[in-house]
Amino acid sequence: QVQLVESGGGLVQAGGSLRLSCVASGSFFRFNVMGWYRQAPGRQRELVAVITSGGTTTYADSVKGRFTNSRDNAKNTVYLQMNSLKPEDTGVYYCNTKPDILKWGQGTQVTVSS
């Protein structure tokens, strides 16, 4: 069974940076489009960044220019570099395929204080 394990979250002040990681088990990884999703308190989970197997990235308008998505297929890992963080970036961040077909991991909490 494929497992997704996210890490790297924490508490930062507005303007700060964090780097999230997501390790996926299974050899499927390198062939899949991967996404980073976040769920803010009281809101639905939303897709914020996508990376194809070849490394092409797309971003939600709310994070464009501040977040950078990357992947290391040899390590079955995707990363999300988050800069210039804002309080509205607060939430639990998850990775999954796009569309999301795998069992969700536990996510990693990101809290940005003003």
Side-chain angles (χ1 to χ4, degrees):
Q1 184 175 357
V2 175
Q3 285 188 313
L4 300 168
V5 180
E6 300 91 348
S7 62
L11 171 64
V12 294
Q13 290 186 328
S17 298
L18 286 171
R19 189 190 193 211
L20 307 184
S21 300
C22 170
V23 180
S25 62
S27 59
F28 76 97
F29 176 81
R30 67 191 67 188
F31 305 113
N32 274 265
V33 177
M34 297 296 295
W36 280 99
Y37 302 76
R38 72 181 175 196
Q39 186 164 22
R43 300 186 66 178
Q44 287 191 330
R45 190 175 288 159
E46 62 173 336
L47 178 66
V48 297
V50 176
I51 186 165
T52 68
S53 57
T56 301
T57 55
T58 54
Y59 301 93
D61 288 343
S62 59
V63 307
K64 199 173 294 182
R66 300 187 297 118
F67 290 12
T68 302
N69 201 359
S70 61
R71 68 192 293 163
D72 185 336
N73 289 335
K75 295 182 179 180
N76 282 8
T77 302
V78 288
Y79 304 97
L80 188 67
Q81 177 66 45
M82 306 188 296
N83 299 328
S84 302
L85 283 161
K86 304 175 180 180
E88 51 263 44
D89 295 318
T90 294
V92 181
Y93 284 70
Y94 304 85
C95 71
N96 207 320
T97 53
K98 180 187 180 296
D100 53 292
I101 61 173
L102 301 176
K103 180 180 178 182
W104 293 95
Q106 83 288 350
T108 186
Q109 174 71 47
V110 171
T111 303
V112 184
S113 62
S114 57

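For the single chain, residues carry numbers from 1 onward in sequence order.
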Straight-line distance of [X] [atom1] to [Y] [atom2], nearest 0.5 Å:
X	Y	atom1	atom2	result
Asn73	Met34	CG	CE	10.0 Å
Asn76	Cys22	CG	SG	10.0 Å
Thr108	Gln106	OG1	CD	7.0 Å
Leu85	Asn83	CG	CG	7.0 Å
Ser114	Gln13	OG	CD	9.5 Å
Leu80	Tyr37	CG	OH	13.0 Å

Testing the basics here: between Cys95 and Val78, what is the closest heavy-atom pair and its distance to 0.1 Å?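 Minimum heavy-atom separation between Cys95 and Val78: CB-CG2, 4.3 Å.
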Starting from the C-alpha separation in whole Å, work towards a yes-or-no answer on side-chain hydrogen bond (donor to acceptor under 3.5 Å, both in side chains) for Arg71 and Asn69. CA-CA 7 Å; Arg71 68 192 293 163; Asn69 201 359; over 6 Å; no
Taking the side chain as everything from C-beta on, heavy atoms only, tell me whether [X] gets closer than 4.5 Å to [Y].
X	Y	result
Gln109	Thr90	yes
Leu20	Trp36	yes
Val33	Val50	yes
Ser17	Gln81	yes

Please say yes or no: joined through hydrophobic side-chain contacts below 4.5 Å, possibly via intermediate residues, are Val112 and Val63 part of one cluster?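 Cluster IDs for Val112 and Val63 match.
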Indicate, with yes or no, if Val110 and Val23 share a hydrophobic cluster defined by side-chain heavy-atom contacts under 4.5 Å among Ile, Leu, Val, Met, Phe, Trp and Tyr.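 No, no single cluster joins them.
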Salt bridge (Lys or Arg N to Asp or Glu O under 4.0 Å): which pairs involve residues 88-97, sequence neighbours left out?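 Sorted result for residues 88-97: Arg38-Asp89, Arg66-Asp89.
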Which residue pairs pass the ring pair (Phe, Tyr, Trp, His ring centres under 6.0 Å) test when at least one of the two sits in residues 66-98, sequence neighbours left out?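 Of all non-adjacent pairs touching residues 66-98, those that pass ring pair (Phe, Tyr, Trp, His ring centres under 6.0 Å) are Tyr94-Trp104.
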Between Asp72 and Thr77, do the side chains contain a donor N or O and an acceptor N or O under 3.5 Å apart?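 Their side chains do not contain a donor-acceptor pair, so the 3.5 Å distance test is not met.
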Please assess Asn32 against Thr97 for the test side-chain hydrogen bond (donor to acceptor under 3.5 Å, both in side chains), listing each intermediate value before the final yes or no. CA-CA 7 Å; Asn32 274 265; Thr97 53; 5.1 Å; no
List for me each residue that meets side chain to side chain donor-acceptor pair (under 3.5 Å) alongside Lys64, sequence neighbours excluded, and say none if there are none.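 Lys64: side chain to side chain donor-acceptor pair (under 3.5 Å) contacts with Asp61.
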